[in-house]
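One structure is given below, encoded as structure tokens.
Quick note on labels: first sequence line is chain A, next is B, and so on, each numbered from 1. All values below were derived from every heavy atom in this structure, side-chain atoms included, with hydrogens, water molecules and symmetry-related copies excluded.
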Amino acid sequence: GDSVTQTEGLVTLTEGLPVMLNCTYQTAYSTFLFWYVQHLNEAPKLLLKSSTDNKRTEHQGFHATLHKSSSSFHLQKSSAQLSDSALYYCALSVPLSGSWQLIFGSGTQLTVMP
Amino acid sequence: EAAVTQSPRSKVAVTGGKVTLSCHQTNNHDYMYWYRQDTGHGLRLIHYSYVADSTEKGDIPDGYKASRPSQENFSLILELASLSQTAVYFCASRDSYAEQFFGPGTRLTVL
């Protein structure tokens with residue numbers, strides 16, 4: 001079936017170091033992958049949406065590349081900031097009742113320390 | 001101007017009681033969703049709706065009902081609240097490009 005796997009439940013980094021959050025997926029459909037970010041006591045908000053295979057998408061300093069060969073859509077940033085501390089969800093769009101549903105991974109809590 | 005709003009923002013309920021969570025959107029979206037969020041489980045789909053007066057079961061519908069009286073409003077109903085339903089609940093609406101817009105969430109505690 002369709003699924004999303006985020007292997008790290010908790011990532012702690014020092015400010016200024018690079019960020020990489022892993023996301024792999026399983027689906028038979030040609031579809032989109034998303035990264036949502038949720039700051040403490042706020043709603044999840046869209047951070048990135050995948051483009052075509054092997055094309056990088058960027059937003060707010062974060063970037064991700066969809067690799068269909070490895071079924072991956074890892075989130076990266078060159079230098080972590082304190083304000084990046086948040087819960088990050090990878091999500092897969094799959095067909096549902098003639099439209100699309102999001103299947104979310106279990107989330108990765110990123111904590112950036114000074 | 002918040003496009004998806006939820007009420008109440010937090011609620012304490014007693015076991016066996018009835019709870020209604022409300023969601024209102026001004027995005028003019030057809031699709032609306034209810035999720036629950038639990039640590040370690042991420043966001044799981046409870047019910048969704050793609051047209052007024054019709055609702056569909058999501059991945060974890062047991063113990064929940066939903067109601068969509070209009071395009072703008074979508075409610076989640078717990079007829080007999082249980083301890084295991086303590087969680088944060090999010091409502092969302094979806095645009096034609098599959099992006100979902102979430103409400104601020106309702107923190108439900110069942111005692």
Q) Any side-chain heavy atom of B/Tyr35 within less than 4.5 Å of one from A/Leu102? A) yes

Q) Linking I/L/V/M/F/W/Y whenever any side-chain heavy atoms sit under 4.5 Å apart, do B/Ile46 and B/Tyr50 land together? A) no

Q. Heavy-atom distance under 4.5 Å to chain B: side chain of A/Gln109, backbone, both or neither?
A. neither

Q: Report whether B/Tyr64 and B/Tyr33 are members of the same hydrophobic cluster (ILVMFWY, side-chain heavy atoms less than 4.5 Å apart, transitive linking).
A: no

Q) Near A/Met113 CE, under 6.0 Å, is it more than 12 heavy atoms from other residues, nucleotides or ligands? A) no

**Q.** Per-residue contact mode, A/Leu87 against chain B (heavy atom under 4.5 angstrom)
**A.** side chain

Q) Do A/Gln38 and B/Phe90 come close enough that some side-chain heavy atom pair is under 4.5 Å? A) yes

Q. Are the side chain of A/Tyr36 and the backbone N or O of B/Gln100 linked by a donor-acceptor pair below 3.5 Å?
A. yes

(Q) Distance check, rounded to the nearest 0.5 Å: B/Asp38 atom CG versus A/Ser106 atom OG? (A) 12.0 Å

Q. Minimum heavy-atom separation for B/Gly103 to A/Ala43, with atom names?
A. O-CB, 2.9 Å

Q | Side chain, backbone, both or neither of B/Leu43 within contact of chain A (heavy atoms, under 4.5 Å) | A | both

Q) Any chain of hydrophobic side-chain contacts (each under 4.5 Å) joining A/Val11 to A/Tyr89? A) no

Q. If you round to the nearest 0.5 Å, how far is CD of A/Gln101 from OH of B/Tyr48?
A. 7.0 Å

Q. Heavy atoms, side chains only, cut-off 4.5 Å: are A/Phe104 and B/Gln37 in contact?
A. no

Q) Considering only heavy atoms, which portion of B/Asp59 lies under 4.5 Å from any heavy atom of chain A: side chain, backbone, both, or neither? A) side chain

Q: Show the numbers, then the answer: is there a side chain to side chain contact (heavy atoms under 4.5 Å, CB included) between B/Arg44 and A/Ile103?
A: CA-CA 8 Å; B/Arg44 293 182 289 174; A/Ile103 294 178; over 6 Å; no

Q. Under 4.5 Å between side-chain heavy atoms, hopping through other hydrophobics if needed: is there a path connecting A/Tyr25 to A/Leu21?
A. yes

Q: May I ask whether B/Tyr89 and B/Val4 are part of the same hydrophobic cluster, defined by side-chain heavy atoms of I, L, V, M, F, W, Y residues being less than 4.5 angstrom apart, directly or through others?
A: no

